[in-house]
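To find a chain, count down the sequence lines: A is the first, B the second, and so on, and within it residues start at 1.
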Number of protein chains: 2
Amino acid sequence: MNGPGPRRNTRQRAVVLEELRGVNTHPTAVELYQIVRRRLPKISLGTVYRNLELLSRAGTIRKLDLGSGEARFDGDTRRHEHVRCVRCGRVGDVDASPEEMAGRGALERLSTQAGGYQILGYRLEFLGVCPRCAAAETTRPGCPPMDNQGKVE
Amino acid sequence: MNGPGPRRNTRQRAVVLEELRGVNTHPTAVELYQIVRRRLPKISLGTVYRNLELLSRAGTIRKLDLGSGEARFDGDTRRHEHVRCVRCGRVGDVDASPEEMAGRGALERLSTQAGGYQILGYRLEFLGVCPRCAAAETTRPGCPPMDNQGKVE
DNA sequence: ATAAGTGCAAACGTTTTGCCCTAGC
DNA sequence: GCTAGGGCAAAACGTTTGCACTTAT
């Protein structure tokens with residue numbers, strides 16, 4: 001998450017961000033590249049990747065790289081969860097906090113607010129620092145701590 | 001997930017499964033390949049991939065492919081969650097049910113039982129079928145429903 | 001005897017990288 | 001003018017696949 005961020009404002013980065021914010025489809029890098037190319041025909045895919053990386057490290061956008069091959073990107077950094085279609089890979093938004101999803105019957109309740117998605121299950125993974133890396137870390141301090149209410153990346 | 005499963009018993013598949021069950025490190029396909037090769041020097045990486053796919057489709061093992069590049073595999077199919085080290089990618093086990101992780105302070109409580117991992121956050125994604133695919137689905141029925149207590153893959 | 005499964009290598013899709021050039025500061 | 005960032009193409013990465021051969025059934 002929050003890294004150093006870009007040092008110059010380029011047209012390419014501005015357009016990448018604008019277009020990502022302009023869609024609600026959580027596009028992949030390639031999909032966004034095709035959209036952006038309509039305005040900047042000479043932009044390269046590499047530049048799209050570089051800027052998506054830069055923007056998500058700066059916390060301006062969110063990278064959704066939960067399995068299933070390619071990463072998808074979200075211009076909305078407010079806290080919300082996602083549903084991924086197991087057939088086509090399309091990603092939608094869900095307004096469920098982990099608090100809400102606790103307990104039996106939560107999955108059923110969720111379906112009503114998942115934009116028509118039929119919910120089958122979920123994937124959960126915690127993120128942390130293993131003991132070995134933590135030990136190595138104490139040697140050279142100054143790594144950025146958590147600042148986004150429990151959600152990483 | 002539970003798919004058809006393999007039709008013949010091969011030495012390669014038996015060794016892949018034995019070795020996966022013999023470690024507690026949630027290896028990647030390549031890591032497991034290197035382990036298995038000690039017993040079957042002629043086995044190919046492709047075969048390891050094919051068998052891991054086959055075994056996880058049969059429900060015999062678990063595939064942990066939540067983002068971060070390569071998939072990792074778990075020979076223990078009992079329900080438990082995982083912690084991924086954000087520095088080195090190593091994966092550990094957590095005994096938390098989603099019920100336990102609900103509510104504030106859960107992350108802090110978790111750290112004590114995550115095998116020494118310092119917990120920073122989590123990643124959550126729901127899986128489902130989008131309206132469009134559901135519509136296409138009604139045409140040709142017979143897709144396997146959920147059967148593993150809310151967890152998919 | 002049949003065909004599921006193997007070994008090998010080539011191909012795949014996504015992402016990263018090196019290089020030289022462009023343009024923001 | 002300095003150098004972060006872009007364009008392009010090549011490489012890297014994890015994974016899948018085509019094909020001829022092997023082997024469990």
Side-chain angles (χ1 to χ4, degrees), chain A residues 3-20 26-58 60-73 84 88-89 91 153, chain B residues 3-20 26-58 60-61 63-73 84 88-91 153:
Chain A
R7 315 227 169 130
R8 289 180 189 177
N9 297 324
T10 67
R11 174 133 183 77
Q12 288 88 336
R13 181 156 47 246
V15 174
V16 164
L17 182 55
E18 274 172 36
E19 294 298 333
L20 178 57
H26 312 88
T28 63
V30 172
E31 286 165 358
L32 192 57
Y33 168 58
Q34 280 154 359
I35 293 169
V36 165
R37 223 166 14 159
R38 299 202 284 255
R39 288 174 61 189
L40 300 176
K42 307 203 56 177
I43 198 173
S44 71
L45 180 56
T47 294
V48 172
Y49 270 107
R50 268 187 284 238
N51 279 314
L52 287 171
E53 185 63 30
L54 222 50
L55 289 166
S56 75
R57 275 226 278 265
T60 312
I61 67 174
R62 275 234 271 151
K63 186 180 185 182
L64 316 172
D65 66 346
L66 301 233
S68 313
E70 3 76 325
R72 288 177 173 271
F73 296 85
R84 188 182 298 258
C88 67
V91 169
E153 182 112 306
Chain B
R7 315 228 166 131
R8 289 180 189 177
N9 298 323
T10 65
R11 175 131 182 78
Q12 288 88 335
R13 182 155 46 248
V15 173
V16 164
L17 182 55
E18 273 171 37
E19 293 298 333
L20 178 58
H26 311 88
T28 64
V30 173
E31 286 166 359
L32 192 55
Y33 167 59
Q34 280 154 358
I35 293 169
V36 166
R37 223 167 12 160
R38 298 203 283 256
R39 287 174 61 188
L40 300 175
K42 305 202 58 173
I43 197 172
S44 71
L45 180 56
T47 293
V48 172
Y49 271 108
R50 270 187 283 237
N51 279 314
L52 287 171
E53 185 63 30
L54 223 51
L55 289 167
S56 74
R57 274 226 276 266
T60 312
I61 66 174
K63 186 180 184 182
L64 315 173
D65 66 346
L66 299 234
S68 315
E70 3 75 324
R72 286 175 174 273
F73 296 86
R84 187 181 299 256
C88 67
R90 202 177 270 109
V91 169
E153 181 109 305

For this session: Name the closest nucleotide to the B:K42 side chain, picking from D:dG6, C:dG7, C:dT15.
Result: C:dG7
Exercise. In whole Å, what is the span from the CD atom of B:E53 to the P atom of C:dT6?
Worked result: 14 Å
For this session: Write down the atom of B:Y33, the atom of B:S44, and the distance for their closest heavy-atom approach.
Result: CE1-C, 3.7 Å
Exercise. Out of D:dG5, C:dA3, C:dG7, which nucleotide sits closest to the side chain of A:R8?
Worked result: D:dG5
Exercise. Checking all strands, does B:R50 fall into the base, sugar-phosphate, or nothing category for heavy-atom contacts under 4.0 angstrom?
Worked result: base
Problem set entry | Given DNA chain D, 5'-ward residue of the pair B:R72 and A:I43, judged by closest heavy atom | A:I43
For this session: For A:R37 and D:dG7, give me the distance from atom CZ to atom P, rounded to whole Å.
Result: 12 Å
Exercise. Can we say B:E19 and B:R38 salt-bridge, meaning some charged N sits less than 4.0 Å from an Asp/Glu carboxylate O?
Worked result: no
Exercise. Hey, is the side chain of A:T10 poking within less than 4.0 Å of OP1 or OP2 on D:dG6, counting only N and O atoms?
Worked result: yes
For this session: Would you mind reading off the distance between A:Y33 atom OH and D:dA9 atom P, rounded to a whole angstrom?
Result: 10 Å
For this session: Indicate whether OP1 or OP2 belonging to D:dG14 is found under 4.0 Å from a side-chain N or O atom of B:T28.
Result: no
Problem set entry | B:N9 CG - C:dG5 P separation (whole Å) | 9 Å
Problem set entry | A:E70 CD to C:dC12 C1', straight-line distance once rounded to whole Å | 13 Å
Exercise. Taking all non-hydrogen atoms of both residues, which atom of A:L64 and which atom of A:R84 are closest, and how far apart?
Worked result: O-NH2, 3.8 Å
For this session: Determine yes or no for a side-chain-to-main-chain donor-acceptor pair under 3.5 angstrom, with A:R72 supplying the side chain and A:H26 the backbone.
Result: yes
Exercise. Looking at D:dC8, D:dT15, C:dC8, which one has an atom nearest to any side-chain atom of B:S44?
Worked result: C:dC8
Problem set entry | Length of the CD-P vector between B:Q12 and C:dC8, whole Å | 11 Å
Exercise. Hey, does the side-chain of B:R7 have a donor or acceptor N/O within less than 3.5 Å of a partner on the base of C:dA3?
Worked result: no
Exercise. For A:L45 and C:dT15, what is the distance between atoms CG and P respectively, to the nearest whole Å?
Worked result: 9 Å
Seminar exercise, completed: Closest to the 5' end of DNA chain D, once B:T47 and B:R11 are matched to their nearest nucleotides, is B:T47
Problem set entry | B:Y49 vs D:dT16: side-chain N/O to OP1/OP2 distance below 4.0 Å | no
Exercise. How about B:R7: does its CZ atom have over 12 heavy atoms from other parts shown lying under 6.0 Å from it?
Worked result: no
For this session: Starting from P on D:dA4, measure out to CG on A:N51 and report it in whole angstrom.
Result: 15 Å
